[in-house]
Number of protein chains: 2
Amino acid sequence: MQRHHLRHTSFREQVLLMFLENPKIALSQSNIESSLEAFDRITLYRTMKSFVSAGVLHKAIDGGEELKYALCHEDCNPSQHNDDHPHFLCQKCGSTYCLDDVHIPSFQLPDNYKLLDIQLAISGICDRCNVHLTCNL
Amino acid sequence: MQRHHLRHTSFREQVLLMFLENPKIALSQSNIESSLEAFDRITLYRTMKSFVSAGVLHKAIDGGEELKYALCHEDCNPSQHNDDHPHFLCQKCGSTYCLDDVHIPSFQLPDNYKLLDIQLAISGICDRCNVHLTCNL
DNA sequence: TTATATTTGCAACACAATTGCATTTAATTG
DNA sequence: CAATTAAATGCAATTGTGTTGCAAATATAA
């Protein structure tokens, strides 16, 4: 399962399973805590840090208050993260989605600015909530 | 100066002047604190919150660790912020710039996703640092 | 099965941010 | 211009978040 040079423990397995169940949904630390019956805050901090530096999870900047994490692509590794997709925060249900299929369009930076990294955070209403809204009308 | 229904105080004036000196540069709270000779952290918290909700400053998401603030456009008000420009974080000097002139190109969201807000955080090397780098070569 | 190195969990700590409240200050009114 | 009122300030105390140190537990390798 985790041959990213990480040891297999039951705690890590529990956390990782939560992400594998919904591969494109980002979770905050409080999201994870509320789903774990017994958890240790400190261990969770270190688990997340290990996962990120190992290339298993990436930080999902969604413009919201909470920092969230989401599963990396297969080709991510400790030295090179490859998660340059937008993140979408639903203002209704609070879920954050990885929009892997949405390509970030290119744009023109001012002169002498050198681009190294892009993060696109989109918010609005997700497909699920949108369906519910239109049904209720 | 601040007819956004905010009272004029010397503290607020000091803070606001820092932003007016460099209108397109975003400042974090620690940036501000280090430039004020006498400051009260709590008052600064409340000042920033007042400025944001009054439409004077907006939060500049730059993908960095620190939350930064920058001057709003003229047409921002408490009910409607209008600051949909990218923010650029220089990885060398740590400065954050509002790229007012960079237009965010449109893109295609998945079906039934409704877009309400975009935040584009770009990082790299800014023009100043770029010039210094090339000079030193 | 043993040895070794990593991970875990607890306690203590450091720091950031918030709340309550008395005091001060800015705008308003007569 | 003085008195009034409402908002802003500053301090104390509190809450919350994230970190560090260390002993015990656990996973891998020999």
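Numbers restart at 1 for each chain; the letters A, B, ... are given by sequence-line order, proteins then strands. Reckoned from all heavy atoms, side chains included, excluding hydrogens, waters and symmetry mates.
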Test item: side-chain donor near acceptor, B/Thr96 and B/Lys68, under 3.5 Å:
yes

Given atom [atom1] of [X] and atom [atom2] of [N], what is their separation to the nearest angstrom?
X	N	atom1	atom2	result
B/Tyr69	C/dA17	OH	P	8 Å
B/Arg7	D/dT5	CZ	P	13 Å
A/Phe11	C/dT6	CZ	P	20 Å
A/Phe39	D/dG18	CZ	P	13 Å
B/His4	D/dA8	NE2	C1'	18 Å
A/Glu65	C/dA17	CD	P	11 Å
B/Asp40	D/dA13	CG	P	15 Å
B/Leu67	D/dT17	CG	P	17 Å

Report the end-to-end axis angle of the helix from C/dT1-D/dA30 to C/dG30-D/dC1; each axis comes from five terminal pairs, and the value is rounded to 10°.
40°

By side-chain contact (heavy atoms from CB on, under 4.5 Å), which residues pair with A/Asn22, not counting sequence neighbours?
A/Ile25

Please report the shortest heavy-atom distance between B/Asp62 and B/Gly64, naming the atom on each side.
OD1-N, 2.8 Å

Between B/Ile122 and B/Pro86, which heavy-atom pair has the shortest distance, and what is it?
CD1-CB, 3.8 Å

When you measure from the side chain of B/Arg12 to the backbone of B/Thr47, do you find a donor-acceptor pair of N or O atoms at a distance under 3.5 Å?
no

Would you please name every residue forming a side-chain hydrogen bond (donor to acceptor under 3.5 Å, both in side chains) with B/Thr43, sequence neighbours left out?
B/Asp40

Polar side-chain contact B/Arg41-C/dA17 base: donor and acceptor under 3.5 Å
yes

Considering only distance and modelled atom types, tabulate donor-acceptor pairs under 3.5 Å from the side chains of residues 103-113 of chain B, sequence neighbours left out.
none

Can you confirm whether or not the ring centre of A/His58 sits under 6.0 Å from the ring centre of A/His73?
no

Salt bridge (Lys or Arg N to Asp or Glu O under 4.0 Å) against B/Asp100, all qualifying residues, sequence neighbours excluded
B/Lys24

Which of residues 42-49 of chain A have a heavy atom under 4.0 Å from DNA chain D?
A/Ile42, A/Tyr45, A/Arg46, A/Lys49

